[in-house]
Amino acid sequence: MKVTKLTTYAVPPRWLFLKIETDEGFVGWGEPVIEGRAATVAAAVEELSDYVVGKDPRNIEDIWTVLYRAGFYRGGPILMSAIAGIDQALWDIKGKALGVPVHELLGGKVRDKIRVYSWIGGDRPSETAAAAKSAVDLGFTAVKMNGTEELAFIDTWEKVERSIANVAAVRDAVGANVGIGVDFHGRVHKPMAKVLISELEPYKLMFIEEPVLSENVDGLLDTMRNTPTPIALGERLFSRWDFKDILASGAVDIIQPDPSHAGGITETRKIAFMAEAYDVALALHCPLGPIALATCLQIDAGCYNAFIQEQSLGIHYNKSNDLLDYVVDPSVFAYSDGMVAIPNGPGLGIEVNEEYVIERAQEGHRWRNPVWRHADGSFAEW
């Protein structure tokens, strides 16, 4: 079998899909994207196609190694996201060619389903309590919210109290037994992160996500190690080499690699197994489309330390299209009692509605994250 063609499709609201074709008629789909840089990743996929066209798509480990190492420069969001989508599509092809789901090729399942959480609120976390209650009424047993608006290096107690009040309102709305993840989104610098982590302890959170940017973790190690609240991060790390020092630090309890950013199935599983050796849990990052979610579920199926899965249904970014629009059978992602079953169809376990993908790619997108500023006019982390 030989790869004959790679085609990318930028589709609303902010996703990039990849179709890989073969001379034997098998087709694989991947989702290579960095949010806000879809066109750049598409260009990288096109460049990398020189290493893929004409190759046997079943030799995934060798193709991955060449894509990562043969360009001399390696790592980073663009390259690793391009590799990720290609890798996903190759696994999809291999599963379809053999008539089995990807997880069967990776050693089989350790679970039949996994807990999922629902995003509530938007970029600025206000009036999220009603949204949290609605998510619980739909059967979700866990929710995640943004924890704060923009914060300066040293900011006011008014902003701290506003953040605490938002979380307290959600806890009151959903009760003691619903998991709450609070995402600092890398918006918070070390001095204020220390304050917020401490002040949030009474609300018994499921986790605090990205308390500071990953490159600033060294300055917060003692706080992260000593808080009883589990600490999660990793969506802006792209390889096992990026995760190596984070895991060794002992400051992180949950890692969140994104299989559409961190080298696909091949690399993300290696990251997950590294984390297991440190007794660190896995919660794959996935505010993206259906191919990305299907990929995550195939990985979750075989990773013992996976405990919950992010998914984008109803997330505030999905304004023109949503998660289920691009699949032929949306029931493959049916949620029940706050969980979703691992897809058992061949390959990634979903059938992409190619006709609709092509139609929506005519519109495409040019999504960009907002640019925030502080009251003094200086840039604020979003």
Side-chain angles (χ1 to χ4, degrees), residues 60-62 64-65 67-69 74-77 80-81 83-84 87-88 91 101-117 142 179 181 197 205-286 292 295-310 342:
I60 298 172
E61 190 73 33
D62 182 65
W64 194 98
T65 300
L67 293 178
Y68 180 78
R69 296 182 183 275
R74 47 193 73 165
M80 296 306 289
S81 297
I83 293 175
D87 182 82
Q88 293 167 9
W91 280 108
V102 167
H103 61 71
E104 190 166 323
L105 301 175
L106 299 173
K109 296 187 291 185
V110 301
R111 61 177 51 81
D112 297 316
K113 55 188 177 181
I114 190 166
R115 189 182 184 194
V116 290
Y117 64 79
I197 290 171
L205 301 178
M206 181 171 63
F207 57 77
I208 288 174
E209 180 173 335
E210 269 199 321
V212 289
L213 291 168
S214 297
E215 57 262 36
N216 295 331
V217 163
D218 286 354
L220 202 65
L221 288 177
D222 287 343
T223 300
M224 292 165 64
R225 288 183 184 125
N226 293 323
T227 178
T229 304
I231 299 296
L233 59 81
E235 69 186 69
R236 287 188 261 199
L237 301 175
F238 306 106
S239 72
R240 70 199 99 144
W241 295 278
D242 289 346
F243 277 92
K244 184 167 61 173
D245 290 342
I246 291 288
L247 289 169
S249 75
V252 175
D253 307 292
I254 304 160
I255 59 161
Q256 299 172 301
D258 188 318
S260 281
H261 302 337
I265 293 170
T266 298
E267 182 71 356
T268 305
R269 274 173 51 87
K270 293 173 182 177
I271 294 166
F273 296 153
M274 284 174 60
E276 186 182 348
Y278 286 92
D279 208 23
V280 168
L282 177 71
L284 295 175
H285 182 254
C286 189
T295 295
C296 287
L297 295 176
Q298 296 297 328
I299 297 169
D300 290 328
C303 289
Y304 172 70
N305 52 338
F307 85 100
I308 201 165
Q309 179 59 57
E310 181 175 25
I342 304 298

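Source: prediction; values computed, not measured.
Atom CG of residue Asp222 and atom OG1 of residue Thr227 lie 12.5 Å apart, to the nearest 0.5 angstrom. Atoms OG1 and OH, on Thr266 and Tyr68 in that order, are 13.5 Å from each other to the nearest 0.5 Å. Within the model, atoms CE of Met274 and OH of Tyr278 stand 6.5 Å from one another, a figure rounded to the nearest 0.5 Å. Residue Asp300 holds its CG atom at 13.5 Å from CZ of Arg115, rounded to the nearest 0.5 Å. Between Ile265 atom CD1 and His103 atom NE2 the span is 11.0 Å, to the nearest 0.5 Å. For the atom pair CD of Gln88 and OG1 of Thr268, the computed distance is 8.0 Å after rounding to the nearest 0.5 Å.
The two residues Ser260 and Ala292 come nearest to each other via the heavy atoms OG-CB, 3.5 Å. Shortest non-hydrogen contact noted between Phe238 and Pro77 is CZ-CB, 3.5 Å. When all heavy atoms of Ile255 and Ile271 are compared, the closest pair comes out as CD1-CG2, 3.6 Å. When every heavy atom of Trp91 is checked against every heavy atom of Ile60, the shortest pair comes out as CD2-CD1, 3.4 Å. Nearest approach of Ile231 to Ala251, heavy atoms of both residues: CB-O, 3.7 Å. Nearest heavy atoms, His285 versus Asp258: ND1-OD2, 2.6 Å.
A distance-only check finds no donor-acceptor pair linking the side chain of Asp87 to the backbone of Ile83 [under 3.5 Å]. At least one donor-acceptor pair closer than 3.5 Å links the side chain of Glu267 to the backbone N or O of Arg240. In this structure a side-chain-to-backbone donor-acceptor pair under 3.5 Å is missing from Glu310 to Tyr117. Although no hydrogens or angles enter the test, the distance criterion places no donor-acceptor pair under 3.5 Å between the side chain of Arg111 and the main chain of Phe307. A donor-acceptor pair under 3.5 Å links the side-chain atoms of Arg74 to the main chain of Arg69, judged by distance alone.
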Problem set entry | Trace of the side chain to side chain contact (heavy atoms under 4.5 Å, CB included) decision for Asn305 with Val280 | CA-CA 7 Å; Asn305 52 338; Val280 168; 5.7 Å; no
For this session: Carefully, step by step, assess Glu235 and His261 under the rule side chain to side chain contact (heavy atoms under 4.5 Å, CB included).
Result: CA-CA 8 Å; Glu235 69 186 69; His261 302 337; 5.7 Å; no
For this session: Decide side chain to side chain contact (heavy atoms under 4.5 Å, CB included) for Gln298 and Leu106; before the verdict, give the C-alpha distance in whole Å, the side-chain angles of both, and the deciding distance to 0.1 Å.
Result: CA-CA 9 Å; Gln298 296 297 328; Leu106 299 173; 5.5 Å; no
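Screening Leu282, Asp242, Leu237 for a side-chain contact (heavy atoms from CB on, under 4.5 Å) with Pro257, the sole residue that qualifies is Leu282.
In this structure, Val217 and Val212 have side chains that are in contact, with non-hydrogen atoms separated by less than 4.5 Å. With contacts defined as side-chain heavy-atom distances shorter than 4.5 Å, the pair Ile197/Leu220 qualifies.
For Lys113, the NZ atom sits in a loose shell: 12 or fewer heavy atoms of surrounding residues, nucleotides or ligands are nearer than 6.0 Å.
At a threshold of 4.0 Å, the pair Lys270-Glu61 counts as salt-bridged, since one of the basic side-chain nitrogens sits closer than that to a carboxylate oxygen.
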